[in-house]
Amino acid sequence: MADIPRAYLPHEIEKKWYTFWMEKGYFHAAEKSDQPPFSIVIPPPNITGNLHIGHSLNNSLQDVLIRWRKLQGYNTLWMPGVDHAGIGTEIIMERKLADRGTSRDELGREKFIERMWNWKAETHATIREQLEQLGCSCDWERERFTMDEGLSRAVRTAFVKLYNNGLIYLSTNLTNWCPTCRTGISNLEVNPVEIDGHLYHIRYPIVGSDEFLEIATTRPETMFGDTAVAVHPEDERYQHLIGKIAILPILGRKLPVIGDDYVDREFGVGALKVTPAHDPNDYEIGHRHNLEQINIFNPDGTLNENVGQAYHGIDRFVCRKQLVEDLRERDYLIKILPHRHAVGHHERCNQIIEPYIAPQWYLNVKPMAERAIEAVRNGEIVFRPKREEKRFYQWMENIEPWPISRQRWWGHLLPMWHCQDCGKTTVAIDTPDRCHHCDSENLSQSEQVLDTWFSSALWPFSTMGWPDETALLKTFYPTAVLVTGWDILFFWVARMTMFGLQFMGEAPFRHVYLHALVADEHGQKQSKSKGNAIDPVPTMQEYGADGFRFALIFSNAPNPYIALGQSQIEAGRRFANKIWNASRFLLMNLEGFDSSVSIGDNLSLCDRWIRSRFNRTVNDVTVAFEEYRFSDAAHALYEFVWHEFCDWYIEIIKQRLYYTDNLNAKHTAQTVAAEILEGTMCLLHPMMPFITEEIWQQLPHQGESIVVTRWPDHDPALNDPKSEDAMKTIMSVIDSIRSIRGEMNVPPSSEIDVLIQAPDADIRELLANHLEEYLPAFTHFSRIFTAEHQKKPDAAAAAVIGDIVIYIPLEGLIDIKKEKARLHKRLDKVIKDLDSTQKTLNNSSFIERAPEAVVEQKRSRFGALKSEKEKLTTNLELLG
RNA sequence: GGGCGGGUAGCUCAGCUGGCUAGAGUGACGGCCUUACAAGCCGUAGGUCACAGGUUCGAACCCUGUCCCGCCUACCA
């Protein structure tokens, strides 16, 4: 046993056991089983590169649930996989191409996609390796990719069904256009970012007069697309201009001056230019007034032929600068004011989006959203934390049609074929030979792809074989719980809910657990550029996967963000080390131990106590897991392992393990210690899979792995409040002795006498029976005297616990001044508490209205405080 | 503009279906290499629970208002 290392060294252990688990096939779920099913589908990581710390948290939590439920006897399935992540991945690839001096356009579609597949292979392997390192018990044999054959068929099937239901339609509206990515995107993908911009005031001459109409705009370049100028119809300043014609500066186009309620008289100068093709509000105004829409941009954000020779072909922001100069020169520019406002940015490439008219395919999600709302309202789906339901409703109730087509290359092609002959569209799951309308073979498939979230929305059932009616679906759909960050509630959770209800007729999950996002130790968002990001891989290497996982789970309070820095992770590692060393100690003392020999009824008080405490911990952890209070579960175990099992139990049984000749007593201690340690390893296993397996294997055990053992049952009958109370008394006495020694600076090696005055005969007996055995673990002492009354020795320090008084004679060591100060401090606090307790008890309303138990509690507290006050006072008097 | 969450120890946060002496991790200070663990052990200090009212026998917790902070959401040019 001496070859067990002193400090926990995770590396080899982790690798060894993961390989073992895989060889045994523990993570592979049975399609059919007598056991109840419990399934989770992973939020598929994007194939954009390495996993970040958010993934570590997300997957640690899922692994906790899966491993815990497996121990409870469920047939568990954790479905793993990765997401092609559409535009996000394309952008990564474009950057890589740029580094090599080439580009997407240069490569062409086919070659580009070929590169994407290679990149996918690379990142997919990395992601899987990192999840394995973390210890994830995924059913790897079933791993899926959103663009693999089966899932692609699911995507086409879903599309065709929706299309045939009339829910998918083509519309040429204003969309959010990303000129950098050259595609339309949905509202969700647009991040409004506050920026310091400008408000440009420009004058538009009025035909047939000397007047000008001053307007204000943040985007002067869009004036090329103006088709009107608008004022408020009741604005007395401008009423007389309504119906007249204004002249567009530079281009000289004629623009009607119109009156529209939309115009805010208070803002700017109370007049605005109307650009229906490039502003959502102007688009609406345009409709109301039958205005022409003039598109002024090319798809890449350069200005098109509608803007006149001088600006044609140049970039939108270059144009803005140039145009402002020209306006200034020609005296159209009145002023430029600083103006802070929100500007939409594409969440993927972070470039400014333009409202732009382009044909897009839309999915009418309204009817699906209604069913989804209903599913949450009637409790078919339950959100944790509950507050997330509000966000869900708010978004769902105001849902807008979802633009699902993207003018990109990487993703699922729309299953649509255009007929060159009749011009009609054929929509089909499998590539059609002929046009469904005219039978022509002259078909070409749409080149657009679907929004990446379309396939994600199918994930809970597409991964299980849908549209086929597979055994897997039958067993594991709907999934038990979806575990993900709240940041993708709308992107993903909402859409999965809608699609699950639509295609499976049943919500895809019973529970949705939305966990925190990981910030740094000061609550700042982690990011590579800020340099405060914690990279999981080196972290796991340095601290071990278990310590890392524990730190994440321990910190995962029900907050929107969790602050996680180096120190939290170090605490996780220290805990793993503590477990390791406690186990190491016990294993060293288990030599010659025969676990098959049963113990009699010679349990010591501390044995009964630790069993009771363990039993309660089983309950605490189980209930916490059931309620997704992961942090509470971690805290309960941390407290039990460190501050009860290690700090007290192990210390106390050293006496029996080392020094006693009583082999029965030793055997009992070994039995209980081994039993509690094994049980604790089970409780810890979902959070810390590796170290618990390693220790469990070395302990006396039945079965081949902790992964497939049984979760301890909580048995209320095993709670032993009597032993807990008795131990509490003993622990208080020991604490008091330690406290005196500490505060009086008694050298650890010097032996002391302990005089205890205990009026209660039961307490005297309790202390007389146990203190001799328990105290040596905590302090050096020579003799203990317990009596009904004790005469205080001259030079002694005193401590009071209720009606128990402890004297420690400290001849030559005691500092009277210090001792008096110590007692005074305690006395002050006791008096304060006593006063407030008395006040409460004197209040007749309290006696009448408060529950009996609360009153009783106060009374007994009052008694204890009173007794303590008297004893402290007496002792102070004795000190003179 | 609307909505949500928060303000508790130096730091990061638990506790909030009202009722033991308000806790943890981390940091600080003092003492220990005590044969499982210095990634450890022992002791100590540190809090008007943002502020002001209200409800109640009783409020960190419930209600109202105020002041800060963060987030989500929205079409103010």
Side-chain angles (χ1 to χ4, degrees), chain A residues 4 6-8 192 199-200 215-219 222 230 262-264 266-275 279-284 339 341-342 355 385 387-388 390-391 394-395 398 486-487 489-490 519 521-523 543 547 551 554-555 557-565 567-568 570-571 573-589 631-632 635 638-639 646-647 650-651 654 658 735 738-749 777-780 829-830 832-833 836-837 840 843-851 853-855 857-858 860-861 865:
Chain A
I4 303 179
R6 288 166 69 91
Y8 175 52
L199 204 50
Y200 301 86
I215 60 93
T217 178
T218 53
R219 293 179 299 154
T222 61
Y262 168 76
V263 181
D264 179 354
E266 310 297 320
F267 188 88
V269 288
L272 54 79
K273 61 194 235 12
V274 182
T275 320
D279 182 280
N281 296 310
D282 295 4
Y283 184 82
E284 296 297 325
H339 181 61
H341 62 144
R387 67 177 122 89
E388 299 294 345
K390 282 186 202 156
R391 284 178 66 224
Q394 202 178 330
W395 191 72
N398 300 301
W486 53 262
D487 54 333
L489 175 60
F490 308 144
E521 63 259 74
H522 298 295
Y543 297 96
F554 191 83
S555 306
N559 276 359
Y561 293 91
I562 61 178
L564 197 92
S567 71
Q568 279 79 10
E570 273 165 29
R573 175 180 64 171
R574 284 207 297 274
F575 185 50
N577 191 54
K578 188 72 182 177
I579 292 165
W580 180 254
N581 274 294
S583 306
R584 180 168 158 257
F585 169 77
L586 291 176
L587 288 166
M588 287 192 295
N589 285 284
S631 174
D632 288 349
H635 274 90
Y638 186 94
E639 171 68 20
C646 291
D647 285 355
I650 289 182
E651 290 306 323
K654 279 179 179 171
Y658 288 161
D735 278 339
R738 281 174 152 179
S739 187
I740 288 173
R741 291 195 65 135
E743 286 185 71
M744 292 287 122
N745 294 325
V746 179
S749 54
F778 305 101
T779 190
H780 281 104
K829 170 127 177 64
V830 169
K832 208 179 129 202
D833 288 353
S836 87
T837 309
T840 308
N843 184 337
S844 59
S845 299
F846 172 74
I847 307 292
E848 279 164 33
R849 303 200 189 191
V854 175
V855 175
Q857 209 170 35
K858 281 279 181 206
S860 98
R861 172 148 173 75
L865 284 168

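In what follows, chains carry the letters A, B, and so on, assigned in the order in which the sequence lines appear, proteins first and then strands, with residues in each chain numbered from 1.
Relative orientation of the A:F585 and A:Y658 rings is perpendicular, given thresholds of 30° and 60° on the angle between their planes. Taking the six-membered ring where the residue is Trp, A:Y638 and A:F554 present tilted rings, their angle falling between 30° and 60°.
Between the P atom of B:rU44 and the CZ atom of A:R741 lies a distance of 14 Å, rounded to the nearest Å. Between the CD1 atom of A:I650 and the C1' atom of B:rC37 there is a distance of 10 Å, given to the nearest Å. Rounded to whole Å, the distance from NE2 on A:H522 to P on B:rG10 is 16 Å. Whole-Å rounding puts the A:I847 CD1 to B:rG58 P distance at 13 Å. Going from atom CG of A:N581 over to atom C1' of B:rC41 covers 13 Å, rounded to whole Å. To the nearest angstrom, P of B:rA39 lies 14 Å from CZ of A:R584. Atom C1' of nucleotide B:rG19 and atom CG of A:N843 are separated by 14 Å, given to the nearest angstrom.
A:R387 comes within 4.0 angstrom of sugar-phosphate atoms only, judged by non-hydrogen atoms across all strands, and of no base. Contacts of A:E651 with the nucleic acid, taken as non-hydrogen atoms under 4.0 Å apart, include base atoms. Residue A:R6 is classed as a sugar-phosphate contact, given heavy-atom separations below 4.0 Å to backbone atoms only. Across all strands shown, A:K832 has no heavy atoms under 4.0 Å from either base or sugar-phosphate atoms.
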Dot-bracket pairing map - RNA chain B, Watson-Crick plus G-U, both contacts under 3.5 Å, | cross-strand: ((((((((.[[[[.)...(...]]]].(((((.......))))).....[[[[[..)....]]]]])))))))....
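The shortest side-chain heavy-atom distance between A:Y262 and A:L272 falls under the 4.5 Å cut-off. In this structure, the side chains of A:L199 and A:T217 stay at 4.5 Å or more apart for every pair of heavy atoms. Counting heavy atoms from C-beta on, the side chains of A:S567 and A:E521 never come closer than 4.5 Å. Residues A:I650 and A:L586 have side chains in contact (heavy-atom distance under 4.5 Å, counting atoms from C-beta outward).
Separating the P atom of B:rC51 from that of B:rA59 is a span of 15 Å, rounded to the nearest Å. Comparing the C1' positions of B:rU66 and B:rC41 gives a spacing of 49 Å, expressed to the nearest Å. For the P atoms, the distance linking B:rU26 with B:rU34 amounts to 22 Å, nearest Å. Separating the P atom of B:rG18 from that of B:rC76 is a span of 41 Å, rounded to the nearest Å. B:rG5 and B:rC63 have their P atoms separated by 11 Å, given to the nearest Å. Nucleotides B:rC72 and B:rG30 are separated by 45 Å at their P atoms, to the nearest Å. Taking atom C1' on both B:rA52 and B:rA60, the two are 16 Å apart, rounded to the nearest angstrom. Nucleotides B:rU56 and B:rC69, compared at atom C1', are 31 Å apart to the nearest Å.
When atom types are taken as modelled, the side chain of A:R741 and the backbone of A:H780 share a donor-acceptor pair closer than 3.5 angstrom. Checked by atom type and distance alone, the side chain of A:S739 never pairs as donor or acceptor with a backbone atom of A:D735 at under 3.5 Å. Remark: the backbone N or O of A:G565 is paired with a side-chain donor or acceptor of A:Q568 at under 3.5 angstrom.
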Criterion side chain to side chain contact (heavy atoms under 4.5 Å, CB included) on A:K273 and A:T222, from CA distance to verdict: CA-CA 9 Å; A:K273 61 194 235 12; A:T222 61; 2.7 Å; yes
Step-by-step side chain to side chain contact (heavy atoms under 4.5 Å, CB included) determination, A:T275 to A:R219: CA-CA 11 Å; A:T275 320; A:R219 293 179 299 154; over 6 Å; no
Criterion side chain to side chain donor-acceptor pair (under 3.5 Å) on A:R584 and A:N581, from CA distance to verdict: CA-CA 5 Å; A:R584 180 168 158 257; A:N581 274 294; 2.9 Å; yes
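Not a single donor-acceptor pair, N or O on each side, falls under 3.5 Å between the base of B:rC4 and the side chain of A:K390.
Toward the 5' end of RNA chain B, the nearer of the two residues A:S555 and A:K829, judged by each one's closest nucleotide, is A:S555.
Checked against B:rA36, B:rG43, B:rC13, the side chain of A:D735 finds its nearest nucleotide in B:rG43.
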B/S/- contact track for nucleotides 25-35 of chain B, protein heavy atom under 4.0 Å: SS---------
Heavy-atom protein contacts under 4.0 Å, nucleotides 72-77 of chain B, coded B base, S sugar-phosphate only, - none: ---BBB
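Regarding contacts with the backbone of B:rC41, a side-chain N or O of A:K578 is found under 4.0 angstrom from either OP1 or OP2.
A:R391 has a carboxylate O that lies under 4.0 Å from a charged side-chain N of A:E388, or vice versa, which qualifies the two as a salt bridge.
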